[in-house]
Trainee: 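Here you go, one structure.
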Protein chains: 2
Amino acid sequence: MKIHQNIKVAVDAVVFGYSDNKLKILLIQQKFGSTTNKWALPGGFVKDAETLEQAVIRELNEETGVKANYLEQLYTFGAINRDERARVIAVSYIALINPKNYSLKADTDAIDAKWFDINDIPKLAFDHKDIITKGLERLKAKINYQPIGFELLNSKFPFSDLENLYQTILSKKIDRRNFRKKLLSFEILQETTEFQNIGSGRPAKLYKFNNKKYRELEQNGFHFEIKFA
Amino acid sequence: MKIHQNIKVAVDAVVFGYSDNKLKILLIQQKFGSTTNKWALPGGFVKDAETLEQAVIRELNEETGVKANYLEQLYTFGAINRDERARVIAVSYIALINPKNYSLKADTDAIDAKWFDINDIPKLAFDHKDIITKGLERLKAKINYQPIGFELLNSKFPFSDLENLYQTILSKKIDRRNFRKKLLSFEILQETTEFQNIGSGRPAKLYKFNNKKYRELEQNGFHFEIKFA
DNA sequence: TCATTTATGCGTATATTTTACACAAATGTA
DNA sequence: TACATTTGTGTAAAATATACGCATAAATGA
């Protein structure tokens with residue numbers, strides 16, 4: 001094949017985390033090089049012998065040390081001048097992580113990595129702001145019809161965590177009782193014998209997401225779906 | 001930037017059409033060259049100076065002569081050996097067209113283009129079968145929450161057409177009265193004074209999709225959504 | 001130790017939405 | 001003119017979503 005094409009292929013990841021009742025995004029900063037000082041999404045060029053997904057996983061590990069709990073292709077950005085240096089198209093992914101499970105290998109290599117509150121994102125390189133916007137839209141839509149929110153929480157969690165997670169991501173209030181009723185009606189949450197006890201207030205029973213049960217139900221035509229006006 | 005990467009970027013389109021109460025897909029066949037005889041999705045390599053979307057539009061026009069009514073990025077396929085000749089990643093799109101509006105420029109150039117019934121697709125080149133599968137999934141999901149079905153019909157259509165369209169795409173029966181009631185409740189359909197009269201049976205009133213009204217409503221928080229068990 | 005504060009856990013009544021279902025009207029055809 | 005074919009319409013029952021109040025279990029501090 002004799003195609004003369006001068007286009008590079010990169011991958012970028014919108015990595016969501018949830019801590020302190022806030023939705024966060026993982027960003028990196030090159031310490032040296034042309035784009036110094038601007039924060040950007042983790043990502044990089046795809047190697048000839050790896051798939052797109054392998055590339056994201058590798059870059060995420062190299063640049064931040066984290067491994068995604070959940071990874072899903074988001075969108076491919078192909079504007080002609082999105083990178084001033086060359087024609088680069090970016091295949092973007094969204095990833096979900098529980099930040100508690102990793103300590104960022106900040107200051108390693110030539111790269112700094114940090115979690116940013118979704119509402120407090122610095123100026124970003126390239127069109128990465130757009131990518132985040134698209135990623136957030138996808139996340140907002142998706143937690144309503146796929147049980148992926150759990151990937152952001154500890155494996156055992158109190159109902160209030162789940163509740164807060166949904167309220168934070170969707171930026172709206174949800175009635176506690178109705179939320180609980182709905183989630184429990186799915187029968188994909190497993191009650192544990194443990195309790196969480198933070199300061200004052202009645203201790204909360206901890207629940208686990210029962211993935212196996214979920215997949216069983218899904219096979220029988222069940223469809224996870226939440227909707228709160 | 002000194003990246004040595006030997007990856008080509010292509011675009012492919014899953015073009016849906018609807019005629020004779022059947023869902024169809026537009027395929028092409030190269031008459032000469034290495035992939036002769038195998039049918040494939042319309043598409044081709046992206047030029048250095050065009051966006052991905054421009055590339056799809058151009059290729060669609062060159063290879064089949066059609067112009068999409070609706071175009072949406074689908075997914076990017078990046079398996080290492082999806083094309084035996086070289087490393088090629090494909091950014092795929094879905095397009096909706098009313099076949100009646102175009103006569104395919106079949107037999108022109110070195111390319112043959114034809115509509116195939118979705119249930120009668122020949123053996124395809126590369127991973128194009130997978131792309132179609134993904135495209136169909138997307139279409140099935142999307143007609144339920146975006147009014148894109150109209151793009152496949154004449155601008156004035158009887159309710160039965162819309163009904164059949166949904167039943168065909170979703171491969172399930174939908175109660176005529178409930179369907180009509182739901183659609184009319186949105187107030188995005190405009191009744192015309194015209195009637196359609198095909199052979200026997202009571203003549204059907206023709207309706208138009210009121211795009212302007214739809215966008216207005218959307219701005220005020222309205223959300224198109226159909227759901228039939 | 002007892003009243004107060006804070007957070008969890010549960011039930012019920014009402015409104016809204018979805019589903020199920022049958023027959024009359026308007027045309028073409030034999 | 002009887003019959004076949006397609007369009008067009010209403011209502012009752014079931015399921016789901018929403019709104020809302022109070023008891024329970026712990027920590028805190030007077």
Side-chain angles (χ1 to χ4, degrees), chain A residues 20-21 143-145 153-154 156-168 170 172-209 217 220-229, chain B residues 20-22 143-145 153-154 156-168 170 172-208 217 220-229:
Chain A
D20 311 319
N21 286 354
I143 56 170
N144 287 313
Y145 63 89
L153 302 177
N154 296 329
K156 293 171 189 174
F157 55 86
F159 241 100
S160 53
D161 272 13
L162 195 57
E163 219 182 282
N164 287 330
L165 174 69
Y166 271 82
Q167 292 191 139
T168 303
L170 301 174
K172 69 170 127 178
K173 290 214 172 163
I174 299 175
D175 183 89
R176 184 155 42 95
R177 291 155 290 186
N178 292 337
F179 182 78
R180 174 188 277 263
K181 208 185 306 174
K182 185 79 178 175
L183 266 292
L184 287 178
S185 77
F186 293 154
E187 298 185 303
I188 56 174
L189 291 185
Q190 198 164 26
E191 191 176 316
T192 72
T193 56
E194 295 169 59
F195 284 82
Q196 191 182 64
N197 202 326
I198 333 176
S200 73
R202 176 174 177 173
K205 208 176 283 175
L206 296 182
Y207 287 83
K208 278 173 84 171
F209 170 55
L217 290 170
N220 298 349
F222 163 74
H223 192 55
F224 180 90
E225 179 139 30
I226 321 187
K227 203 165 288 167
F228 290 97
Chain B
D20 311 319
N21 284 356
K22 306 252 182 201
I143 56 169
N144 287 313
Y145 63 90
L153 301 177
N154 295 330
K156 293 172 188 172
F157 54 87
F159 242 101
S160 53
D161 272 12
L162 196 56
E163 218 181 282
N164 288 330
L165 175 68
Y166 272 82
Q167 293 191 138
T168 304
L170 301 174
K172 70 171 131 180
K173 289 216 171 162
I174 299 175
D175 182 89
R176 185 155 41 99
R177 286 160 292 186
N178 292 337
F179 182 78
R180 184 193 200 89
K181 208 186 305 173
K182 186 80 176 174
L183 267 291
L184 287 176
S185 78
F186 294 153
E187 298 185 304
I188 56 176
L189 290 186
Q190 200 165 25
E191 190 176 315
T192 72
T193 55
E194 297 170 57
F195 285 81
Q196 191 182 64
N197 203 325
I198 332 176
S200 76
R202 179 174 172 171
K205 208 175 281 175
L206 296 183
Y207 287 83
K208 278 174 84 171
L217 290 171
N220 298 350
F222 162 75
H223 192 57
F224 181 90
E225 178 141 30
I226 321 185
K227 205 165 288 168
F228 291 98

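Each chain gets a letter, A, B and so on, in the order the sequences are listed, and its residues count up from 1.
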Trainee: Nearest-Å distance, NZ (B:K227) to P (C:dT19)?
Mentor: 10 Å

Trainee: So that I can tick it off, tell me whether A:K208 and A:E194 are bridged by a salt bridge, with the cut-off set at under 4.0 angstrom between side-chain N and carboxylate O.
Mentor: no

Trainee: Give the nucleotide from the list D:dT24, D:dA27, C:dA26 with an atom nearest to the side chain of A:R202.
Mentor: D:dT24

Trainee: Which is more 5' along DNA chain C, the nucleotide nearest B:F228 or the one nearest A:D161? Just name the residue.
Mentor: A:D161

Trainee: Ignoring backbone atoms, establish whether A:R180 has a side-chain N or O less than 4.0 Å from OP1 or OP2 of C:dC10.
Mentor: yes

Trainee: Could you walk me through whether B:L162 and B:F179 pass the side chain to side chain contact (heavy atoms under 4.5 Å, CB included) test, one step at a time?
Mentor: CA-CA 9 Å; B:L162 196 56; B:F179 182 78; 4.0 Å; yes

Trainee: Using a 4.0 Å heavy-atom cut-off, does B:N197 contact any base of the nucleic acid, only the sugar-phosphate backbone, or nothing at all?
Mentor: sugar-phosphate

Trainee: Whether A:K205 contacts C:dG9 is assessed here as follows: a side-chain N or O lying under 4.0 Å from the phosphate OP1 or OP2. Is that the case?
Mentor: no

Trainee: Answer yes when B:E163 and B:K173 have at least one side-chain N-carboxylate O distance shorter than 4.0 Å, and no when they do not.
Mentor: no

Trainee: Grab the NZ-P distance between B:K173 and C:dT18 for me, whole Å please.
Mentor: 22 Å

Trainee: Could you say whether A:R177 or B:F159 is positioned toward the 5' end of DNA chain D, judged by the nucleotide with the nearest heavy atom to each?
Mentor: B:F159

Trainee: Output the rounded distance in Å from CZ (B:F195) to P (D:dT5).
Mentor: 23 Å

Trainee: Toward the 5' end of DNA chain C, which comes first, A:K181 or A:L206, by nearest nucleotide?
Mentor: A:L206

Trainee: So A:F228 and A:Y166, ring-ring contact (aromatic ring centres under 6.0 Å, His included) or not? Walk me through it.
Mentor: CA-CA 10 Å; A:F228 290 97; A:Y166 271 82; 8.4 Å; no

Trainee: Closest-nucleotide mapping onto DNA chain D: is B:R176 or B:G201 further toward the 5' terminus? I mean the 5' end.
Mentor: B:G201

Trainee: Could you check how far CD of A:E225 sits from C1' of C:dT17, rounded to whole Å?
Mentor: 14 Å

Trainee: Would you kindly give the CG-to-P distance between B:D175 and C:dA22, to the nearest whole Å?
Mentor: 11 Å

Trainee: C:dT27, OP1 or OP2 - any side-chain N/O from B:S200 closer than 4.0 Å?
Mentor: no

Trainee: Rounded to the nearest Å, what distance is computed from the CG atom of residue B:N144 to the P atom of nucleotide C:dT18?
Mentor: 12 Å

Trainee: Specify the separation, in whole Å, of atom CZ of A:F179 and atom C1' of C:dC10.
Mentor: 16 Å

Trainee: Give a yes or no answer on whether the side chain of B:D161 reaches the backbone of B:F157 with a donor-acceptor pair at less than 3.5 Å.
Mentor: no

Trainee: Could you tell me the separation between the CD1 atom of A:I198 and the C1' atom of C:dT8, rounded to a whole number of Å?
Mentor: 12 Å

Trainee: Report yes if a donor N or O on one partner sits less than 3.5 Å from an acceptor N or O on the other, where the partners are the side chain of B:N178 and the base of C:dA20; otherwise report no.
Mentor: yes

